[in-house]
Undergrad: 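First, the structure itself, so that you have it in front of you.
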Number of protein chains: 2
Amino acid sequence: MSEELLDIGEVAERSGLAASALRFYEKQGLIDSAGRNGLRRSYRPGVLDRLALIVCARGAGFTIAEIAAFLRATPGDLELRARMADKATRLEEDIARLERMRDGLRHASACTHEPLVECPGFKRHFPPDAALAARRAGVGRG
Amino acid sequence: MSEELLDIGEVAERSGLAASALRFYEKQGLIDSAGRNGLRRSYRPGVLDRLALIVCARGAGFTIAEIAAFLRATPGDLELRARMADKATRLEEDIARLERMRDGLRHASACTHEPLVECPGFKRHFPPDAALAARRAGVGRG
DNA sequence: GTCTGACTTGAAGCGCGGTTCAAGTCAAGG
DNA sequence: CCTTGACTTGAACCGCGCTTCAAGTCAGAC
């Protein structure tokens, strides 16, 4: 059973994350190691599932602190569950924004208007009222 | 016609952005003012459309530099147009990630598994291979 | 004419999410 | 036993996207 354990280099390679990021996540309480081999961390393979979740959540714009809170969730924490449902709803808005951006880019990449940014067919995707609604949101590295 | 011009405070209020952000965007070349009334910037109302686009793009994870490049686009810049089309494709992946996160959160907010994070129905949304594919992406403020 | 407060500037600072560095430890292979 | 190189630590640093600050200007209302 102990032969199933992975060292940080293996986890880094399999997850695609840097070892420094794994140590950082451990310090922030997002993952934990199964123990040590000497000084070295040993990880259970299940940490890879956990990391997949973390990568997805980070990619969806969640902060480390938010992810930590969600990971600690128990069925009894009604307030946290409510916040999760709320986050899901906000993700709908984020998705809508990404779809508008995608459509705008597709248009722009095939449009002959000069300059592109003034094309009405392009601008149609970005109405000012939608921007106002979006002001507290945002995704990240694209 | 000159009565149509807005000062920075009005633009801030109407766009939902801070005046400091507007000055920052101007310095980065994302927007420009129509001139000055004394020392004070005057903006054309059209800047609000431009800002809507910027807010959307920022929310979709684009950096200031990327947005500046796209805003300078002309139909003749084939390489930039190719990059736009490429970005649109990547947005599809981002959208898929947000959808998985949304579904996972919806499940979690109604799930009785203890701890929630170990629920198979929840984890199903976050397969390790999807995380690997996502490694260079990410949205932002959620 | 004078007051007020929204504007101006450049530079410094902040929060986030890590990365990098220097110095040291130690498991495993030969 | 000795070497190697992947690991360990805490602290310093980085890039991004602004925000804040100090010091000053000045348009518009009174």
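Numbered from 1 within each chain, the chains take letters A, B, ... in sequence-line order. Just so you know, these numbers use all the heavy atoms, side chains as well, and skip hydrogens, waters and symmetry mates.
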Undergrad: Toward the 5' end of DNA chain C, which comes first, B:Gly9 or A:Leu22, by nearest nucleotide?
TA: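 By nearest-heavy-atom nucleotide position, the 5'-most residue is B:Gly9.
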Undergrad: What is the distance from CD1 of B:Ile8 to P of D:dA27, rounded to the nearest Å?
TA: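 The answer, rounded to whole Å, is 16 Å.
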Undergrad: Under the side chain to side chain contact (heavy atoms under 4.5 Å, CB included) rule, what do A:Lys87 and A:Leu91 come out as? Steps first, then yes or no, please.
TA: CA-CA 6 Å; A:Lys87 281 288 182 184; A:Leu91 281 176; 5.6 Å; no
Undergrad: Whole-Å distance between C:dG15 P and A:Arg58 CZ?
TA: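 A:Arg58 atom CZ is separated from C:dG15 atom P by 17 Å.
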Undergrad: Could you work out, with ring pair (Phe, Tyr, Trp, His ring centres under 6.0 Å) as the rule, every residue matching B:Tyr25, not counting sequence neighbours?
TA: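 B:Tyr25: no ring pair (Phe, Tyr, Trp, His ring centres under 6.0 Å) contacts found.
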Undergrad: Under 4.0 Å between a side-chain N/O of B:Tyr25 and OP1 or OP2 of D:dG17, yes or no?
TA: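 Answer is no, no contact under 4.0 Å.
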Undergrad: Return the nearest nucleotide to the side chain of B:Asp7; candidates are C:dG17, C:dT8, C:dA6.
TA: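 For the B:Asp7 side chain, the nearest candidate turns out to be C:dA6.
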Undergrad: For the pair A:Asp32 and A:Arg44, find out whether any cationic side-chain nitrogen is under 4.0 Å from an anionic carboxylate oxygen.
TA: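 Salt bridge: yes.
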Undergrad: Take the protein atom CG of A:Leu5 and the nucleotide atom P of D:dC7, then report the distance between them rounded to whole Å.
TA: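 These atoms are roughly 15 Å apart.
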Undergrad: With respect to the side chain of B:Thr63, which nucleotide from D:dG17, C:dG17, C:dG18 is positioned closest?
TA: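 Taking heavy atoms from C-beta onward, the closest nucleotide is D:dG17.
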Undergrad: Could you state the atom-to-atom distance from CD of B:Glu26 to P of C:dC7 in whole Å?
TA: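 Atom CD in B:Glu26 sits about 14 Å away from atom P in C:dC7.
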Undergrad: Taking for each residue the nucleotide of DNA chain D bearing the nearest heavy atom, is the 5' side occupied by B:Arg23 or by B:Ile64?
TA: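 First, find each residue's nearest nucleotide; the 5'-ward one identifies B:Ile64.
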Undergrad: What is the distance from NZ of B:Lys27 to C1' of D:dG17, rounded to the nearest Å?
TA: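 Checked: the NZ to C1' distance equals 13 Å.
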Undergrad: Nearest 0.5 Å, what's the CZ-CZ distance between B:Arg97 and A:Arg58?
TA: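 So the CZ of B:Arg97 and the CZ of A:Arg58 are separated by 10.5 Å.
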Undergrad: Is it true that B:Glu118 and B:Lys123 have a side-chain N and a carboxylate O under 4.0 angstrom from each other?
TA: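 Counted as a salt bridge, because a side-chain N and a carboxylate O are separated by less than 4.0 Å.
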Undergrad: Which residues pass the side-chain contact (heavy atoms from CB on, under 4.5 Å) test with A:Asn37, sequence neighbours left out?
TA: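 Residues passing side-chain contact (heavy atoms from CB on, under 4.5 Å) with A:Asn37: A:Ser42.
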Undergrad: Pairs in or reaching into residues 103-132 of chain B: which pass ring-ring contact (aromatic ring centres under 6.0 Å, His included), with residues at least two apart or in two chains?
TA: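 Listed once each, the pairs are B:Phe122-B:Phe126.
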Undergrad: Find the distance between SG (A:Cys111) and CG (A:Leu105) and round it off to the nearest 0.5 Å.
TA: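 Separation between the atoms: 12.0 Å.
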Undergrad: With sequence neighbours left out, which residue pairs that include part of residues 67-89 of chain A fulfil the ring-ring contact (aromatic ring centres under 6.0 Å, His included) condition?
TA: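 Only A:Phe62-A:Phe70 qualify under ring-ring contact (aromatic ring centres under 6.0 Å, His included).
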Undergrad: Check every atom of C:dT8, D:dG17, D:dT8 against the side chain of B:Arg41 and return the nucleotide holding the closest atom.
TA: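 Out of C:dT8, D:dG17, D:dT8, the nucleotide with an atom closest to B:Arg41's side chain is C:dT8.
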Undergrad: Which whole-number value in Å describes the distance from B:Leu30 CG to D:dC18 P?
TA: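 After rounding, the reported distance stands at 9 Å.
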Undergrad: Please give me every residue in residues 46-53 of chain B whose heavy atoms get under 4.0 Å of an atom in DNA chain D, ordered by residue number.
TA: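 Nucleic-acid contacts, sorted: none.
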Undergrad: Between the side chains of A:Arg90 and A:Asp94, is the shortest nitrogen-to-carboxylate-oxygen separation below 4.0 Å, so that they form an ion pair?
TA: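 No salt bridge links A:Asp94 with A:Arg90.
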Undergrad: Closest to the A:Ser20 side chain: C:dG10, D:dG17, C:dT19?
TA: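 The listed nucleotide nearest to A:Ser20's side chain is C:dT19.
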Undergrad: As a test of reading the structure: which of C:dT19, D:dC18, C:dC7 is closest to the side chain of A:Ala21, going by heavy atoms?
TA: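 So the nucleotide nearest the side chain must be C:dT19.
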Undergrad: What is the separation between atom CZ on B:Phe24 and atom P on C:dA12, rounded to the nearest whole Å?
TA: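 Rounded to the whole Å, the gap is 17 Å.
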Undergrad: When you measure from every atom of DNA chain D, which of residues 33-40 of chain B have a heavy atom less than 4.0 Å away?
TA: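 Contacts with DNA chain D under 4.0 Å: B:Asn37, B:Gly38, B:Leu39, B:Arg40.
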Undergrad: Starting at CG of A:Leu6 and ending at C1' of D:dA6, how long is that distance when rounded to a whole Å?
TA: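 The answer, rounded to whole Å, is 15 Å.
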